Structures are given as structure tokens and as C-alpha cells.
Protein chains: 2
Amino acid sequence: MIKKVLIAEDHESVNISVEKTLEELGMTQTDYVYYCDDALARIQKGVQDDQSYDLLITDLSFIKDSRVQKISGGLELIPAVRQVQPDLRIIVFSVSCIPSTIEMLFGQSDIDGYVCKGRNDAKALKEAIETVAKNQRYFPRHLTQKIRQKNVHDFTEYDIKIITLLANGMRQKDIPAYLIEEGTKPAGLSSIEKRLNYIKETLEFTKNEQLIAFCKDMGII
Amino acid sequence: MIKKVLIAEDHESVNISVEKTLEELGMTQTDYVYYCDDALARIQKGVQDDQSYDLLITDLSFIKDSRVQKISGGLELIPAVRQVQPDLRIIVFSVSCIPSTIEMLFGQSDIDGYVCKGRNDAKALKEAIETVAKNQRYFPRHLTQKIRQKNVHDFTEYDIKIITLLANGMRQKDIPAYLIEEGTKPAGLSSIEKRLNYIKETLEFTKNEQLIAFCKDMGII
DNA sequence: ATAATTCTTACGGGAAACCGTAACTCTTCC
DNA sequence: GGAAGAGTTACGGTTTCCCGTAAGAATTAT
């Protein structure tokens with residue numbers, strides 16, 4: 001039974017409608033926070049006071065502003081929360097729809113639901129909450145297909161690291177030194193080239209610029 | 001006096017809270033659409049039936065899906081709408097917060113308000129609607145400062161065209177031919193290089209990849 | 001332990017991008 | 001009409017990136 005819900009979402013407008021959805025489901029005991037640090041603090045307090053939350057609905061990306069935060073986004077928040085309250089149910093509510101990230105969240109962080117923001121997201125969120133309330137997992141329908149069809153490249157952490165470096169303006173030839181410094185392998189320039197080529201080939205891209213644009217669109221970086 | 005309002009916004013969850021905000025302001029005659037083409041059609045119909053809208057609240061970026069659209073986003077929708085109904089009030093409600101785009105919208109398209117999605121966006125939107133109802137313009141407060149400081153490069157249409165081509169995977173050396181075909185000037189490779197260099201220099205970027213990433217972040221392309 | 005396989009790296013030729021300079025064209029002003 | 005100036009383009013040298021091949025290292029199997 002879900003009673004106490006915490007919403008972690010920086011967009012007030014989204015917050016409002018999530019709250020409304022919860023109301024419609026008869027869940028009136030809702031709190032909302034605009035920052036990840038606040039979310040973790042609330043959950044910690046809930047556990048301490050023996051009034052722990054039943055469900056966390058969280059975004060992944062949070063806008064940075066003047067308030068400096070330890071936790072910068074949902075991807076960091078979720079593991080932190082898991083440590084504090086392992087039995088908390090978690091639904092992720094985000095614009096980004098990257099199969100590999102979603103799979104990772106279900107696998108590693110054991111989240112209970114994922115809803116992509118977009119057309120019909122409110123209905124989907126409602127469904128998700130209802131499903132999770134029944135102790136089931138909610139997996140975005142259209143994604144089960146997407147994950148099957150492997151024409152979409154599955155970005156590994158390594159891929160994301162390289163692409164991020166490029167997007168930050170690092171020259172390809174300088175990346176090996178950086179990776180060695182960081183202890184990431186493989187670090188050879190050829191390996192990096194090869195990997196980038198492979199990614200571009202599978203996605204039928206010709207240039208790095210195109211890849212960067214794609215990754216930004218997909219919310220991968 | 002604002003009575004009839006159209007909301008063009010692809011995220012259902014945002015739509016719901018915008019509607020709620022309008023309700024709180026006593027505006028119950030609201031329609032909402034998830035696609036730009038629908039928005040234009042509704043406005044056209046309103047004008048024809050002599051039941052035109054008083055206010056349009058629109059997002060800028062719309063997710064592409066299976067439904068093919070003529071108008072892909074708010075930046076195209078707004079001028080099209082202006083042609084159909086020049087006196088319509090327009091408030092843009094978007095995540096992207098690029099001073100030059102906002103200035104352009106106020107200047108060229110004569111919009112009445114701009115609200116950035118984020119923390120407190122619902123309150124800001126409410127303020128904006130109230131302000132516009134009083135026949136005043138609503139300009140995001142924190143942006144007046146940002147626009148003053150000109151360290152941010154002002155992207156021209158030409159810039160955006162080139163950068164978009166790069167992001168689509170076109171090789172730099174192939175761009176001149178394309179621009180000549182299109183009738184855009186200057187088309188020389190040197191001019192393109194020079195312009196890209198200038199942009200990168202002012203933004204203190206080193207590589208095209210970085211520029212693409214930046215433009216995607218800012219919603220410029 | 002050795003062979004086979006896979007993964008990683010090094011190297012080199014060629015293409016593209018980068019960058020400065022100089023020539024060219026077009027407007028503007030006298 | 002001619003000169004000055006800004007804007008555009010052409011060209012050449014350098015760097016970086018691209019891409020294929022082959023050598024080397026690590027892992028697994030025999």
C-alpha cells in the first residue's frame with residue numbers, strides 16, 4: 001500500500017501535475033522537493049523518524065542554479081537513496097529515453113518503474129503508480145521493442161566517456177593521456193578511433209559532430 | 001480581456017499544470033494540442049469562425065513521433081500563427097533560455113511573454129499571463145541581466161544553418177556547394193571556416209564537437 | 001605449456017580540417 | 001569615375017583526423 005510519496009522534480013509545472021495525478025489516485029500525503037540533496041535528506045529523515053516514504057518519483061536531470069548541490073541528478077540520487085532505504089519504491093520520470101540507461105536503472109538500482117516524459121506521460125505515470133502499488137514493475141511499453149531491435153547502438157560507459165570528452169572540446173589525440181591518467185582502458189588512440197568508428201557505423205553517421213548532436217538529443221551526454 | 005486560450009505543448013504533464021494555472025485565473029475556455037500543426041489549424045479555424053483565441057501558450061521544442069508534421073516546433077509555429085492572426089497574444093513556455101532567441105522572438109515575432117521552464121515556472125507563468133492580460137509584456141527578470149552581458153555569442157541564421165549542416169553529418173568542404181544550391185551567401189569554404197572560427201573563439205571553444213554540444217544544450221539547433 | 005582467439009596498440013598513407021596570407025569583388029563615399 | 005574599405009574567396013602549409021594493416025598483449029581453450 002502506497003501512502004507517503006516524495007516527488008523530486010525541479011520543474012514546478014511538472015511537479016504540480018504529478019501531485020494532481022497522485023491526488024486522483026487518493027494519495028494525498030505527498031511531499032515535493034526541487035533539489036536532489038533535499039530529496040535524500042527527506043528520505044533519511046523519514047527513515048529516522050520511522051515515517052519512511054513508500055514511493056519516490058524522481059526526475060533524472062536537474063537544472064543547476066545558485067544553490068550548490070552534492071547530488072547533481074537522479075542517476076546519483078537513486079543509488080544514494082537505495083543505501084538509506086533499500087525497500088523504497090522508485091519510479092523515474094524523465095525526458096531521456098535511452099534503453100541502456102533504463103536497463104541499467106532496473107538492473108543495478110532496482111527501480112520499480114520508468115516513465116518517459118512526453119505525449120501521454122501523465123496517463124503513463126498514473127499507470128506506473130498503479131502498477132507499482134500492486135508490487136509489479138512498470139516498464140515503458142514502446143521500449144521493450146526498442147531494446148529488442150538493436151539498430152540503436154547501446155552506449156557503454158566507455159562510449160559516453162569518450163563522447164563527453166569530445167563534446168568538451170578535447171582533441172582526439174589528447175584523449176589517450178587523459179584515459180591513462182584516469183585508469184580507463186583501453187586507452188590507445190587506435191582503440192578510441194576504432195570504437196568511435198564502430199558507433200558511427202552502426203548509427204550510419206559520418207562525422208563526430210553528428211554523433212555529438214545525436215547524443216545530446218538522446219540525453220546520453 | 002483574455003477568455004479563450006490555446007496551449008501547444010507536447011508534454012501532457014506540463015499541459016495539465018498549465019491548464020490548472022489558467023483555471024486558477026478564471027480562464028476555463030482552454031484548448032490544448034500536442035502538435036504544432038494542430039495548433040495552427042485550431043487558430044485558423046478560430047479566425048474563420050469568428051471565435052478566435054485571445055492567447056496562445058506554446059512550447060518551442062516538440063518531440064517528433066510517428067505523426068509527420070509540417071511545423072516542427074514553436075520557432076516555426078509562431079511566425080505562421082502571426083500571419084493568420086496578427087493580434088493573438090503569445091506566451092512562449094520553454095526550457096531553452098537563450099537570450100538571442102528570446103530577443104528575436106520579442107523583436108521579430110512580437111511575442112508577449114517568455115517563461116523559462118524550471119523551478120518556479122508555474123508561478124512565473126501565472127505572473128506572465130496576468131501581465132499579458134493587462135496588455136503588458138512579460139520578460140523573464142533574470143534574463144535582462146544576461147542579455148546585457150554580451151559574452152554569449154549571438155547566433156545568426158547563417159550560423160545556425162552551418163552548424164545544423166555539421167550536426168547532420170555534412171563535411172565542411174561539402175557545405176559551399178550546398179549553400180550555393182540554396183542561394184545562401186557567403187558560400188566560400190573560407191568564409192564558413194572563418195565564421196566557425198569566430199564563433200568558437202568568442203565562446204572559447206576549440207573544436208566543432210564542442211560547439212555542436214553547446215548549441216544542442218542551448219536549444220539553438 | 002602451447003596454440004588459438006580476441007583485444008589492444010602502433011604505424012603510415014591519405015583526406016579533411018585548421019590557419020594565415022593574399023588576391024579578388026563589391027559596396028560606399030568622395 | 002576612382003579610391004578606400006569591408007567582405008568574400010582562393011591558395012598553401014601544417015595539424016589533426018580517418019582508416020586500413022600489422023604487430024603486440026592478454027585471455028581462453030586445447
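Being a predicted model, the structure only gives us computed values, none of them experimental. The sequence lines fix the lettering, A, B, ..., with proteins before strands; numbering per chain opens at 1. The figures that follow rest on heavy atoms only: side chains count, while hydrogens, waters and symmetry mates do not.
Both A/Thr206 and B/Gly188 sit near DNA chain D, but only B/Gly188 has its closest nucleotide nearer the 5' end.
Summarising the geometry, the separation between CZ on A/Arg195 and C1' on D/dC18 is reported as 18 Å, rounded to the nearest angstrom. Atom OH of B/Tyr158 is separated from atom P of D/dG7 by 13 Å (rounded to the nearest Å). The CG atom of B/Leu196 sits 8 Å away from the P atom of C/dC18 (whole-angstrom rounding). The distance between atom CD1 of A/Ile192 and atom P of C/dC7, rounded to the nearest whole Å, is 17 Å. As a whole-Å value, the separation of B/Ile180 CD1 from D/dA10 C1' is 13 Å. Atom OH of B/Tyr198 and atom C1' of D/dT8 are 17 Å apart (whole Å). One atom, CG of B/Leu189, and another, P of C/dA17, lie 8 Å apart when rounded to the nearest Å. For the pair B/Asn208 CG and D/dT16 C1', the interatomic distance rounds to 12 Å; values are reported in whole Å.
The cationic group of B/Arg67 lies under 6.0 Å from the six-membered ring centre of B/Tyr35 and within 45° of the ring axis, placing it in a cation-pi geometry.
Rounding to the nearest 0.5 angstrom, the gap separating the CD1 atom in B/Ile90 from the CD1 atom in B/Ile57 is 11.5 Å. The CG atom of B/Asp174 sits 9.5 Å away from atom CG of B/Leu189, with the distance rounded to the nearest 0.5 Å. Here the straight-line distance linking atom CG of A/Leu196 with atom CD1 of A/Ile162 works out to 5.5 Å at 0.5 Å rounding. Atom CD1 of B/Ile192 and atom CG of B/Leu179 lie 5.0 Å apart (nearest 0.5 Å).
A salt bridge links A/Lys117 with A/Glu9: the closest approach of a Lys/Arg side-chain nitrogen to an acidic carboxylate oxygen falls below 4.0 angstrom.
If you check the side chains of A/Tyr34 and A/Asn15, you find no donor sitting under 3.5 Å from an acceptor.
Looking at heavy atoms from C-beta onward, B/Tyr32 lies out of side-chain contact with B/Val18 at the 4.5 angstrom threshold.
In the region residues 162-177 of chain B, proximity to DNA chain D at under 4.0 angstrom, judged on heavy atoms, holds for none of the residues.
More than 12 non-hydrogen atoms from other residues, nucleotides or ligands lie less than 6.0 angstrom from NZ of B/Lys123. Within a 6.0 Å radius of CZ in B/Phe205, other residues, nucleotides and ligands contribute more than 12 heavy atoms. Atom NZ of B/Lys64 has 12 or fewer neighbouring heavy atoms from other residues, nucleotides or ligands inside a 6.0 Å radius.
Taking 4.0 angstrom as the limit, A/Lys200 places a side-chain polar atom (N or O) nearer than this to OP1 or OP2 of D/dC18. A close approach under 4.0 Å does occur between a side-chain nitrogen or oxygen of B/Asn197 and OP1 or OP2 of C/dC19.
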Short N/O separations, protein against nucleotides 20-26 of chain D, under 3.5 angstrom:
none

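The rotation axes computed at either terminus of the helix from C/dA1-D/dT30 to C/dC30-D/dG1 lie 20° apart, taking five pairs at each end and rounding to 10 degrees.
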